[in-house]
Enquirer: 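Here you go, one structure.
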Amino acid sequence: MSDTDKDKLTDHEYDGIKELDNPLPGWWLATFYITIVFSIVYYAYYELGSGPSLDQELQTKLEKIEEKQNQAEMKQPDPGNVDYSQLLADNEALATGKDIYMQKCAACHGAQNQGVIGPNLTDNYWLNGKGTIADIAHVIVVGVPENGMPPWKGMIKDEDIPKVAAYIKSKVGSSPAGAKAPQGELIEE
Amino acid sequence: MTASQEKVKVQYDDQIVRMFFHATLFWAFAAFTAGVWIAFELAVWQLNLNTEWLTFGRLRPLHTNAAIFAFAGNAIFAGIYHSSQRLLKTRMFSDMLSKIHFWGWQLIILAAAITLPLGFTQSKEYAELEWPIDIAVTLIWVIFAINFFGTLARRREKHMYVAIWFYIATIVTVAVLYIVNNIALPTSIAHSYPVYAGIQDALVQWWYGHNAVAFFLTTPFLGLMYYYVPKAANRPVYSYRLSIIHFWALIFIYIWAGPHHLLYTALPDWAQTLGMIFSIMLWAPSWGGMINGLLTLRGAWHLLRTDPVIKFMVAALTFYGMATFEGPLLSIKSVSALGHYTDWIVGHVHAGTLGWNGFLIFAMIYYLVPKLWKTELYSKKLATTHFWIGLLGTLLYYISMVVAGITQGGMWRAVNEQGQLVYPDFVETVTRIVPLYYVRGIGGALYLIGFLLLLYNVYKSISMATEKPTDEVAEVINTNVKSEDIGTGHRKLEGMATAFTVLTLIAILVGSVIEIIPTLSLHKYVRNDVQVEPWTPLELAGRDIYVREGCYTCHSQMIRKMPSEVLRYGPASTIEESMYNRPFQWGSKRTGPDLARVGGKYPVTWHYRHMINPREIVKDSIMPNYPWLATEKIDYYALRKKLSIMKYLGVPYDDDTVANADLVAGRQAQEIADGLIEFGAPEEVRNKEIIALISYLQALGQKGGLSEEDKEGGSE
């Protein structure tokens with residue numbers, strides 16, 4: 001024990017434990033004061049003053065995102081007016097489409113597109129639209145929530161959705177084993 | 001020395017200390033093993049061995065309860081019984097109460113170890129135990145309190161040392177927290193519904209949950225630190241003044257901090273902000289304890305090289321300082337936005353539990369063995385090896401979880417220039433961090449191995465003892481506490497046990513009352529124009545299964561007020577949506593995606609196949625299979641009672657539904673089963689639990705609770 005320590009020794013003793021009475025470290029005390037002042041100011045600004053509520057902050061941020069989405073949408077061609085038939089000859093596009101199909105669609109529509117929970121995609125019967133690539137792409141984008149198919153926009157990249165649709169189209173007529181019974185309307189091509 | 005200060009002999013009860021000591025070792029092994037096991041379950045989903053009793057959802061509460069109440073709990077009791085007798089210069093008030101406390105506590109732990117894997121749970125974190133066990137905990141705690149305060153009343157020391165202050169705060173506050181959080185109405189011997197609903201339940205739970213950390217894993221450990229650090233280093237405590245200031249600041253401020261677990265949720269803004277700022281103000285008071293501990297070691301630093309006890313203590317205090325800096329940091333709203341629901345929080349907690357609590361307990365164990373058994377420590381070298389292995393394990397654990405948490409948190413919130421989520425598939429954010437789950441598991445395993453070295457060392461030390469362990473006899477001055485001049489100011493207070501205890505109680509009640517009371521009148525926060533339907537009887541049955549399986553340990557039901565959450569899951573969750581939810585199921589960790597709006601997103605067949613084998617739907621899923629849900633029958637008979645309790649608690653069920661709950665549920669179950677069977681599920685699926693669970697999942701987010709404005713907020 002140094003001499004300065006001896007000066008600070010109190011007369012306290014408990015089971016042999018002695019206590020010094022060193023002053024509170026200045027930096028420690030300063031930290032404490034700063035956090036207290038910060039807290040008062042923070043609370044006053046957000047809860048008593050003009051600070052935005054969490055709902056307002058969220059709204060502002062969502063509006064910015066919506067703006068981005070609208071801009072991105074404007075740059076895209078209207079999917080209804082695009083002829084996707086060239087995709088059927090694009091092996092790379094079909095391969096990408098197949099990859100995504102296997103990850104996201106096969107669980108409900110089957111690995112051979114034969115239909116499991118969701119309908120058979122290999123026959124000429126369609127529940128939504130007339131089975132064109134654009135129609136299929138549209139169903140993928142908006143889903144059929146009332147039948148349990150979620151919208152996939154955002155889950156599958158915009159540029160990949162026509163590829164998935166093209167892959168599905170390419171499998172029409174493949175007559176896989178165990179195909180589900182037709183559902184919907186027969187569309188003759 | 002005056003004539004009144006004659007000396008008397010006191011025989012301390014060391015046998016009870018040895019009993020708690022053994023219990024600490026026994027339950028530590030259980031807690032660590034369970035921890036390592038469930039850590040690897042997240043890396044290898046098959047590790048529940050296809051049984052319902054070993055799923056992560058059921059074992060995680062077992063691990064946390066074992067670590068907190070069994071391992072830390074028994075260690076606290078060992079330390080308090082050992083140090084208090086010496087600090088107060090008297091034997092414990094009653095040997096009988098000490099024994100009842102010991103055996104009662106062990107029976108409670110045993111009951112927890114049996115009921116939690118069986119799925120009996122209230123689902124409130126660190127308060128999972130069902131009501132009969134809660135009552136037992138309360139009774140045993142009261143017995144402990146009588147024993148402690150009785151000892152305090154018989155003390156032969158005028159003043160109470162700082163360690164005693166922390167023990168008092170622990171005993172008083174844990175009693176308040178535990179009782180208030182566990183108030184529930186039983187529906188059977190093994191099931192109950194809390195009296196709080198939705199945001200009330202969330203707030204009360206996290207007021208409790210955070211202060212379980214404060215008053216079970218912090219204040220008692222600071223008390224132990226204040227006794228064992230100066231003892232082991234044979235140095236005076238650095239600053240008496242600092243002890244006073246940081247003690248009162250710590251207990252007063254800590255109690256407010258709970259809502260930082262609920263930032264960006266539906267909890268009213270003012271409560272969230274209080275939780276955040278009090279967490280920030282908690283930084284300095286916490287560090288006061290670390291500083292006082294570390295600076296007490298001034299002049300004893302040479303021991304750091306040679307004495308494993310000092311090594312463990314210094315590391316423990318350093319981890320305490322680290323965790324109590326990181327805590328306030330994580331409480332800042334914008335940091336919480338990134339870290340909450342991720343493994344960062346898991347890492348943060350384990351820096352505290354493995355590093356601070358665990359290491360301080362190990363230090364205490366190595367210090368106590370020679371004293372309690374009148375022997376030498378068998379091997380200092382082995383203890384030092386334990387230290388390094390344990391340190392490496394803790395660091396691997398902590399670093400892997402912080403990296404995993406920040407990685408995943410960043411992926412969840414990433415939005416590209418088109419305003420779309422960069423990682424819309426939740427499972428992508430999981431597969432990215434699975435390698436880190438292996439690292440974490442290895443870290444935990446190292447920690448366990450280090451502990452096995454301790455076990456061996458303790459065993460060898462005790463077998464080296466030449467005589468039977470006895471109770472220490474000390475000669476102490478027979479101070480008459482009452483007749484003495486006890487000083488002025490705080491010094492005077494230290495001589496007044498009752499006044500001190502009352503002031504402590506007031507200090508912890510201020511924040512509690514200010515935060516909790518307003519939310520008890522829920523109607524003030526619920527908008528009148530927003531309609532909410534209660535769960536149908538079948539959905540309620542499903543909800544209870546969801547709770548039983550511990551789904552909340554991996555899935556949240558709370559879409560936070562953040563743009564990336566709204567993009568991923570839909571409109572932010574509202575107060576109204578959980579107003580009939582007992583217990584609330586907001587969760588605290590997303591190992592899987594949020595489920596607040598999963599209802600109607602997929603067909604019932606999707607859910608059926610997903611519960612039987614998640615990988616059939618999501619190839620890289622790490623969720624275990626739940627085949628038993630398709631073989632166990634729905635408990636229709638319990639439903640009338642359950643609904644009547646819910647109705648009593650204010651859920652608007654009409655009398656007809658309550659009276660015919662089982663029939664109503666049966667009809668809904670039939671419809672769902674018909675749908676499933678049509679799509680190829682076996683006929684046996686009828687009336688099985690999976691039907692009830694699916695009905696609940698399909699109802700999530702479909703019961704109203706959103707205004708037109710709310711819906712727009714997330715219509716994208």
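The structure displayed is predicted, hence computed values, not measured ones. Side chains included, hydrogens not; waters and symmetry mates left out as well; all remaining heavy atoms used. Proteins get letters first, then strands, A, B, ... in listed order; numbering begins at 1 in each.
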Enquirer: Ion pair present between B/Glu494 and B/Arg491, side-chain N to carboxylate O less than 4.0 angstrom?
Expert: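 Counted as a salt bridge, because a side-chain N and a carboxylate O are separated by less than 4.0 Å.
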Enquirer: Could you tell me which of A/Asp15, A/Thr35, A/Asn22 has the largest number of non-hydrogen atom pairs under 4.5 Å with chain B?
Expert: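 Answer, by heavy-atom pair count under 4.5 Å with chain B: A/Asn22.
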Enquirer: Which bit of A/Trp27 is near chain B, if near means a heavy-atom gap under 4.5 Å: side chain, backbone, both or neither?
Expert: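 Side chain only.
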Enquirer: For chain A, find which of B/Val604, B/Leu282, B/Leu274, B/Leu421 contributes the most heavy-atom pairs closer than 4.5 angstrom.
Expert: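 Option with the greatest count: B/Leu274.
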Enquirer: Checking A/Lys180 against chain B: side chain, backbone, both or neither under 4.5 Å from a heavy atom?
Expert: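 Only the side chain of A/Lys180 comes within 4.5 Å of chain B.
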Enquirer: In terms of heavy-atom proximity below 4.5 Å to chain B, should A/Lys157 be classed as side chain, backbone, both, or neither?
Expert: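 No part of it gets close to chain B.
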Enquirer: Between B/Glu565 and B/Arg413, does at least one N-O distance fall below 4.0 Å, as a salt bridge requires?
Expert: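 No salt bridge links B/Glu565 with B/Arg413.
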Enquirer: Would you mind checking which part of A/Ile17 comes under 4.5 Å of any heavy atom in chain B, side chain (CB onward), backbone (N, CA, C, O), both or neither?
Expert: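 Contact with chain B is through the side chain of A/Ile17 alone.
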Enquirer: For a quick test of reading the model, state the closest non-hydrogen atom pair linking A/Leu9 to B/Pro236 and the distance between them.
Expert: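 Closest approach of A/Leu9 to B/Pro236, heavy atoms only: CD1-CB, 4.2 Å.
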Enquirer: Quick one: are B/Ser286 and B/Leu250 in side-chain contact, heavy atoms under 4.5 Å?
Expert: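 Side chain of B/Ser286 against side chain of B/Leu250, heavy atoms only: contact under 4.5 Å found.
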Enquirer: Taking side chain as everything from C-beta outward and backbone as N, CA, C, O, which of these in A/Pro151 sits under 4.5 Å from a heavy atom of chain B? Side chain, backbone, both or neither.
Expert: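 For A/Pro151, neither part sits under 4.5 Å from chain B.
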Enquirer: Would you mind checking which part of A/Glu13 comes under 4.5 Å of any heavy atom in chain B, side chain (CB onward), backbone (N, CA, C, O), both or neither?
Expert: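 Contact with chain B: backbone only.
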Enquirer: With a 4.5 Å limit on heavy-atom distance, are the side chains of A/Ser175 and A/Thr122 in contact?
Expert: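 Sidechains of A/Thr122 and A/Ser175: no contact.
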Enquirer: Quick check on the interface: out of A/Ala106, A/Pro23, A/Gly16, who has the most heavy-atom pairs with chain B under 4.5 Å?
Expert: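 The candidate making the most pairs under 4.5 Å is A/Pro23.
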Enquirer: Between B/Tyr238, B/Tyr227, B/Trp287, who has the most heavy-atom pairs with chain A when the cutoff is under 4.5 Å?
Expert: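 The answer is B/Tyr238.
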Enquirer: Just so I understand: if I count every heavy-atom pair under 4.5 Å between each of B/Lys619, B/Glu157, B/His610, B/His246 and chain A, which residue has the most?
Expert: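 Looking at each option in turn, the highest pair count goes to B/Glu157.
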Enquirer: Does the pair A/Lys8/A/Asp21 count as a salt bridge with the N-to-O cut at 4.0 Å?
Expert: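 Answer for the salt bridge query: no.
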Enquirer: Is a salt bridge present between B/Asp710 and B/Arg527, judged by a nitrogen-to-oxygen distance below 4.0 Å?
Expert: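 Here B/Asp710 pairs with B/Arg527 in a salt bridge, since their nearest N and O are under 4.0 Å apart.
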Enquirer: Which one wins on heavy-atom pair count under 4.5 Å against chain A: B/Ala474, B/Gly600, B/Ala284?
Expert: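 Option with the top pair count is B/Ala284.
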Enquirer: Heavy-atom pairs under 4.5 Å with chain B - which of A/Glu63, A/Lys104, A/Met149 has more of them than the others?
Expert: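 Ranked by contacts with chain B, first place is A/Lys104.
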Enquirer: Determine whether the aromatic ring centres of B/Trp165 and B/His159 lie less than 6.0 Å apart.
Expert: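 No: the rings miss the under 6.0 Å criterion.
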Enquirer: Could you tell me if B/Lys333 sits above the aromatic ring of A/Tyr46, with its cationic atom closer than 6.0 Å to the ring centre and no more than 45 degrees from the axis?
Expert: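 Positive - B/Lys333 is close enough to the ring of A/Tyr46 and near enough to its axis.
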Enquirer: So for A/Tyr33, is it side chain, backbone, both, or neither that comes closer than 4.5 Å to the heavy atoms of chain B?
Expert: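 Answer is neither: A/Tyr33 stays 4.5 Å or more from chain B.
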Enquirer: By a 4.5 Å heavy-atom criterion (distance strictly below it), what part of B/Pro285 contacts chain A: side chain, backbone, both, or neither?
Expert: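 Both backbone and side chain.
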Enquirer: A/Glu19 versus chain B, heavy atoms under 4.5 Å apart: side chain, backbone, both or neither?
Expert: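 It is both, since atoms from each part get that close.
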Enquirer: Decide, yes or no, whether a salt bridge links A/Asp11 with A/Lys18 under the criterion of side-chain N to carboxylate O below 4.0 Å.
Expert: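 A salt bridge is absent here (no side-chain N lies under 4.0 Å from a carboxylate O).
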Enquirer: Count the heavy-atom pairs under 4.5 Å between each of A/Ala107, A/Ser53, A/Gly143, A/Ser39 and chain B, then report the option with the highest count.
Expert: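 Highest number of heavy-atom pairs under 4.5 Å: A/Ser39.
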Enquirer: Heavy-atom distances under 4.5 Å only: say whether B/Met281 touches chain A with side chain, backbone, both or neither.
Expert: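 For B/Met281, heavy atoms of backbone and side chain both lie under 4.5 Å from chain A.
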Enquirer: Quick one: closest heavy-atom pair of B/Ile332 and B/Ile280, and the distance?
Expert: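 What the structure gives for the nearest pair is CG1-CD1, 3.9 Å.
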